[in-house]
Protein chains: 2
Amino acid sequence: MTNIKDLAKMANVSVSTVSRVLNNHPYVKEEKRLAVLEAIKKCNYQQNINAVHLSKGKTQLVGVVLPFTDLPYFGQLLKGIANQALEHNYKLIIFQTNYIESRELEALQMLKQKQIDSLIICSRTCNLALIQEYLSYGPIVLCEKVEDTHLAATFVNHYQTFMKALDYLYEKGHRRIGYTLGRKTGTNSHERQSAYADFIKKYQLPNNPDYIITGCYHLEDGSQVVQSIQAMSEPPSALLVTSDQVAAGIVAYCQNQQIAIPDELALIGFDNQPIAKMLGITTIEIPIEEIGKNLFLQAINEEISSIEMEAKLIERGTV
Amino acid sequence: MTNIKDLAKMANVSVSTVSRVLNNHPYVKEEKRLAVLEAIKKCNYQQNINAVHLSKGKTQLVGVVLPFTDLPYFGQLLKGIANQALEHNYKLIIFQTNYIESRELEALQMLKQKQIDSLIICSRTCNLALIQEYLSYGPIVLCEKVEDTHLAATFVNHYQTFMKALDYLYEKGHRRIGYTLGRKTGTNSHERQSAYADFIKKYQLPNNPDYIITGCYHLEDGSQVVQSIQAMSEPPSALLVTSDQVAAGIVAYCQNQQIAIPDELALIGFDNQPIAKMLGITTIEIPIEEIGKNLFLQAINEEISSIEMEAKLIERGTV
């Protein structure tokens with residue numbers, strides 16, 4: 001690919017002369033100007049858009065940090081972000097991190113180097129203090145509840161939502177309630193853990209650490225969840241499953257094993273994915289696409305806002 | 001965000017003076033140089049990475065054109081691409097097109113303007129001749145069989161694969177076989193249609209245009225597929241369903257309607273998604289992540305190659 005240096009070499013002039021010719025600068029000898037134009041013609045040189053970005057200080061690019069691209073939750077979030085990006089004539093740079101901190105840092109570094117105008121962090125592993133150091137380089141938007149008023153965010157109140165779901169299971173007669181998480185760290189998981197701790201305290205229920213099952217992301221993880229509770233002397237009678245994918249995997253595995261849902265095991269999923277509707281799973285609806293839309297709009301807005309989204313219990317047949 | 005123009009204004013010098021100071025050019029008056037350095041210090045100016053790209057002629061960015069980000073097929077393809085991008089220190093720009101041609105053109109335009117080094121087109125709506133016009137600006141890789149030797153591609157031979165699946169259903173005794181597609185256009189769909197046409201000719205089966213059901217992408221589309229075949233006077237006894245998502249939707253709807261699979265309706269899905277395994281769906285395994293990996297490697301390679309991937313029938317319980 002021809003660049004300004006190649007042109008300079010071909011025309012036998014300095015790089016700054018090429019730059020002056022490209023920018024119609026007056027002080028260029030006619031002879032050199034013609035040599036540069038000839039070189040440009042010869043190699044079909046297309047003015048580099050990076051030169052335009054350099055002079056404007058804007059790239060129309062927004063970075064999106066996601067741990068995984070193949071989980072329906074993040075796919076839908078990305079869809080909401082991408083549709084807005086299209087409407088506002090922005091492009092997205094994707095950072096698929098697998099929750100590896102250095103990959104999040106790369107995204108922050110690109111913001112610092114002005115290769116993106118702003119950054120949406122859908123889920124993170126690096127700490128908030130580190131993110132704050134990059135705030136002066138452009139807007140950073142998070143998908144979790146943050147106290148810092150310098151950070152924009154669209155989020156669901158996972159403490160309240162989790163508590164509501166736990167109370168619902170309690171009202172339905174359940175006293176041994178467990179839950180599944182993707183990972184233990186992360187603001188959303190912390191909120192859920194803290195809701196659970198307050199819940200068992202409120203009703204003076206025993207605290208059984210085995211009832212918290214982590215590493216649950218995919219459909220395939222459902223069978224392991226069931227196997228692990230089957231191995232317990234006092235298995236939970238109900239589970240909050242923070243992904244409909246995992247909940248669907250549990251339903252399918254229980255069907256195979258002839259474990260009756262909800263009689264032997266009650267379930268509440270999260271997200272209200274199409275698969276939850278298809279399998280009749282009671283779930284907490286999260287407006288994922290709408291959250292994606294807000295995240296994008298916040299990313300291109302100078303004003304810093306914090307938007308709480310409603311989550312809604314959808315009663316179906318698994319409780 | 002401060003750019004070179006802002007610095008010039010603050011230092012009360014010309015833009016080219018700022019540029020010379022940034023590049024350590026010798027012919028700058030000391031007084032002006034100090035003014036620029038003072039301005040830089042004042043606003044914490046970070047040298048724009050776009051300036052670096054401009055001088056290198058490379059961006060370490062690869063564009064990825066996808067119609068949808070929320071379909072598991074494309075999510076897995078993107079995962080394969082993204083993992084390789086990480087390994088080779090590239091970033092991805094995502095173009096979610098919803099099959100709108102102008103959005104594909106934008107991606108091609110960005111290649112022309114050198115905002116990306118190369119382009120991966122996972123599925124397209126614009127014609128091949130148009131894509132060929134952009135080949136001089138950087139590598140373009142397709143995910144379909146192409147005759148043009150200037151285009152790199154990783155693909156599955158959908159003609160052969162479809163024929164093999166049709167033959168399998170024929171051997172199992174089926175004579176009324178239908179199939180579902182996402183859209184009728186697109187190379188992969190054309191190959192499938194042409195395999196089907198040759199198949200019914202080979203066995204002298206009647207050609208029923210109702211047996212081709214289009215617009216099938218999602219889990220939710222399964223119920224409509226079943227409803228549409230229920231409305232036929234002579235419904236097909238077997239379906240090739242070109243997405244495991246749709247096949248899963250069909251299985252779930254049939255369970256609800258007490259339609260026996262495979263006795264009343266036999267099914268072969270495509271992809272071998274986890275949901276196919278979960279529901280025991282006979283399917284054609286497509287190595288999606290591996291395809292994504294190849295697409296990326298081809299995108300950063302100067303050599304043009306064409307890689308055919310194997311698809312494999314996985315026998316389960318729906319035929």
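In what follows, chains are A, B, ... by sequence order, proteins preceding strands, each numbered from 1. These numbers come from a predicted model, not from an experiment. Just the heavy atoms: all of them, side chains too, but no hydrogens, waters or symmetry mates, feed the values below.
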Winner by heavy-atom pair count (cut-off under 4.5 Å) against chain A, out of [options]:
options	answer
Gln76(B), Glu106(B), His218(B)	Glu106(B)
Leu219(B), Thr97(B), Val15(B)	Leu219(B)
Val64(B), Thr69(B), Ile100(B)	Thr69(B)

Less than 4.5 Å to any heavy atom of chain A: does that hold for the side chain of [X], its backbone, both, or neither?
X	answer
Phe95(B)	side chain
Ile93(B)	both
Ile275(B)	both
Gln245(B)	neither

At a heavy-atom separation under 4.5 Å, does [X] approach chain B through its side chain, its backbone, both, or neither?
X	result
Gln273(A)	neither
Tyr73(A)	neither
Gln96(A)	both
Leu78(A)	both
Pro274(A)	both
Leu77(A)	neither

From Ile94(B) atom CD1 to Lys91(A) atom NZ, the distance as rounded to the nearest 0.5 Å: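 If we round to the nearest 0.5 Å, Ile94(B):CD1 and Lys91(A):NZ are 12.0 Å apart.
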At what distance, to the nearest 0.5 angstrom, does CD of Gln255(B) lie from CD of Gln255(A)?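 Output value for this atom pair is 6.0 Å.
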If every non-hydrogen atom of Ala252(B) is compared with every non-hydrogen atom of Met278(A), which pair is closest and at what distance? CB-CG, 3.3 Å
Are Glu220(A) and Lys277(B) close enough for a salt bridge, meaning some N to O gap below 4.0 Å?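 So Glu220(A) does not pair with Lys277(B) through a salt bridge.
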